[in-house]
Visitor: 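First the structure, which I've put down as structure tokens, then a few questions once you've had a look.
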Amino acid sequence: MRVLETATQVQEWTAHDTQLLVVAALGIALIVVLIAKLKLHPFLALVLGSAFVGLASGVELGKVITNFEDGVGGVLKEVGLLIALGAMLGKLLADSGGANRVVDTLLAKASGNKLVWMITLVAVIIGLPMFFEIGLVLLLPVIVLVTQRSKMKLMRIAIPALAGLSVLHGLVPPHPGPLIAISAVKAELGTTLGLGILVAIPTVIICGPLFSRLAARWVPVDAPAVAGGIDTQHAADLSEVKRQPSFLVTLLTIIFPVVLMLLKALGGIIWPNPETAPAIRIFFDFVGQPLVAMTLAVLLAIVTFGYAVGFTGSRITAKLGESLGPIAAILLIVGAGGGFKQTLIGAGVGDAVKKWAEGANMSVLVLGFIVAVALRLATGSATVATVTAAGIVAPLASSLSPTHAALLALAIGAGSLFLSHVNDAGFWLVKELFGLTVGQTFKTWSVMETLISVVGFGFVMLLSLVL
């Protein structure tokens, strides 16, 4: 299918649009140099990079500040609270001996390459209904402890987990990105879900367990000394633990927020119209909100990983407080990454990419993918890439079959995952949680995300030829 152009639809590309893209590229390069070469703290580097982009693109001085502040607030209100709750849950999981129990059970059932596949399966299950950031902070203690016990390199275990979480987040409903694309292009949820899983399975295998072999050679690091507020160099002090939680109790506590989010998703599928839906869907919608689900999970963990193992109320409170100190820097860096993203959007970089796309002339599946890639590179936001790309190609989807409309939604989702770098808050989250350098994060996380995007889109195109 070809893109139809009219004078009213397509705006002319201007020299200012070119200037915006050059400024965005220079801003990204500045941040990398400040961190990698001058060893400046990432938070300050992101602040300075944002200031450069805002001023050099001609944004008025007041807007330079408010754009950055809005970006920081937007990320922290969504991700920051979840990271904090996840750190609390992870601390109780580790200090109660629950993480040890999970790792011991996994190692008893699998070792070597089998262990890598086991971690992948766990990440896929966790990632099905759960946001990427929540799944990562939940799995962090398990990833690190498995790495230590198995004597493997960190990336051999971390990459499969990251791939499982990322692929599900970008391609499979009920995650926000796929749902946005499905709604915009008028695709069928069930069809997209089925095809998304069909694309996700081989993509996870290639970009997770298989790619982790290369990633572990490129970046042969061990587990970090401190990961997400948990001291991984020393075994958890279990002297206060009178009885460790069983594997079943530990597993149920970990997947409790997963189940709540899954119930929310199922409620939306069973009763698609909220106005006529029964009260049970309203209840599921509430408890399935990520913030509510994670808060309830922490409250459950206070019982299962706290009182039930012998901790007193004061010790539980102390442990929850101890979990927050080490993540303060992570929150600042992730927030500043969101500020840089919003600075780019406020400067008009996203609009410049959109203007170019509206004048393109190519297959609608390829167009959706490329526009999403361009917006992901320019703004760092998978959500912005998905929303804008879906909006651009939506008029072209009306003549597509239900199957190809679903494939278009998946193509946009695949493009939105391309090359996570310094303007993506997820880049900084992975870097800080695993204690990597900027270069190491590029060699592992960024390459993995690019591979997921390209491989996922490749499978979408293959399906488009046979369906």
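All values below come from the heavy atoms of this structure, side chains included, with hydrogens, waters and symmetry mates left out. Keep in mind the model is a prediction, meaning the values are calculated, not measured.
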Visitor: A side-chain contact here means heavy atoms from C-beta on lying under 4.5 Å apart; do V72 and L76 qualify?
Guide: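 A side-chain contact under 4.5 Å exists here.
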
Visitor: Please assess T312 against S314 for the test side chain to side chain donor-acceptor pair (under 3.5 Å), listing each intermediate value before the final yes or no.
Guide: CA-CA 5 Å; T312 63; S314 59; 3.2 Å; yes

Visitor: When you check the gap from the basic side-chain N to the acidic O, do K63 and E69 get nearer than 4.0 Å?
Guide: no

Visitor: Hey, could you give me the CG/OG1 distance between L198 and T192, rounded to the nearest 0.5 Å?
Guide: 12.5 Å

Visitor: Does any donor atom in the side chain of T276 or W271 lie under 3.5 Å from an acceptor atom in the other side chain?
Guide: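 There is no such pair between these side chains.
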
Visitor: Does atom CD1 (I206) have a neighbourhood of more than 12 heavy atoms from anything else shown, all under 6.0 Å?
Guide: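 Count over threshold, so yes.
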
Visitor: Can you measure from CZ (R315) to CG (D95) and round to the nearest 0.5 angstrom?
Guide: 8.0 Å

Visitor: To the nearest 0.5 Å, what is the distance between CE (M461) and CG (L407)?
Guide: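 Between M461 CE and L407 CG, I get 9.0 Å after rounding to 0.5 Å.
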
Visitor: I want to check something: taking the side chain as every heavy atom from C-beta on, are L252 and I255 in contact at a cut-off of under 4.5 Å?
Guide: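 Touching, per the 4.5 Å side-chain cut-off.
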
Visitor: Step by step, would you call M118 with V146 a side chain to side chain contact (heavy atoms under 4.5 Å, CB included)?
Guide: CA-CA 11 Å; M118 182 75 76; V146 167; over 6 Å; no

Visitor: Give me the one residue out of L410, I412, V366 that meets side chain to side chain contact (heavy atoms under 4.5 Å, CB included) with F457.
Guide: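 Considering L410, I412, V366, a side chain to side chain contact (heavy atoms under 4.5 Å, CB included) with F457 is found only for V366.
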
Visitor: Output the distance between atom OG1 (T203) and atom CD1 (I197), rounded to the nearest 0.5 Å.
Guide: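 It is 12.5 Å, given to the nearest 0.5 Å.
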
Visitor: Does any donor atom in the side chain of R376 or S416 lie under 3.5 Å from an acceptor atom in the other side chain?
Guide: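 Looking only at side-chain atoms, S416 and R376 do not form any donor-acceptor pair under 3.5 Å.
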
Visitor: Just checking, is any N or O donor in the side chain of T253 or T304 under 3.5 Å from an acceptor N or O on the other one?
Guide: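 Checked: T253/T304 side chains pair up, N/O donor to acceptor below 3.5 Å.
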
Visitor: Return the orientation label for the F369 and F418 ring planes: parallel under 30°, perpendicular over 60°, tilted otherwise.
Guide: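 The rings of F369 and F418 stand perpendicular, inter-plane angle above 60°.
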
Visitor: Nearest 0.5 Å, what's the CG-CG distance between L467 and L195?
Guide: 6.5 Å

Visitor: Before you tell me yes or no, could you show the steps for Q244 and V309 under side chain to side chain contact (heavy atoms under 4.5 Å, CB included), namely the whole-Å CA-CA distance, both residues' side-chain angles and the distance that decides it to 0.1 Å?
Guide: CA-CA 6 Å; Q244 291 188 35; V309 303; 5.9 Å; no

Visitor: Could you please spell out the steps behind the side chain to side chain contact (heavy atoms under 4.5 Å, CB included) verdict for Q342 and S50?
Guide: CA-CA 9 Å; Q342 191 60 41; S50 300; over 6 Å; no

Visitor: Does a side-chain heavy-atom distance below 4.5 Å link P257 with M294?
Guide: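 Yes - at least one pair of side-chain heavy atoms lies under 4.5 Å apart.
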
Visitor: Would you mind reporting whether F284 and L266 have side-chain heavy atoms less than 4.5 Å apart?
Guide: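 A side-chain contact is absent here, since even the closest heavy-atom pair is not under 4.5 Å.
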
Visitor: Going through the distances and angles, do H404 and L408 end up as a side chain to side chain contact (heavy atoms under 4.5 Å, CB included)?
Guide: CA-CA 6 Å; H404 279 74; L408 175 58; over 6 Å; no

Visitor: Please determine, by modelled atom types, if R281 and N273 share a side-chain donor-acceptor pair under 3.5 angstrom.
Guide: no

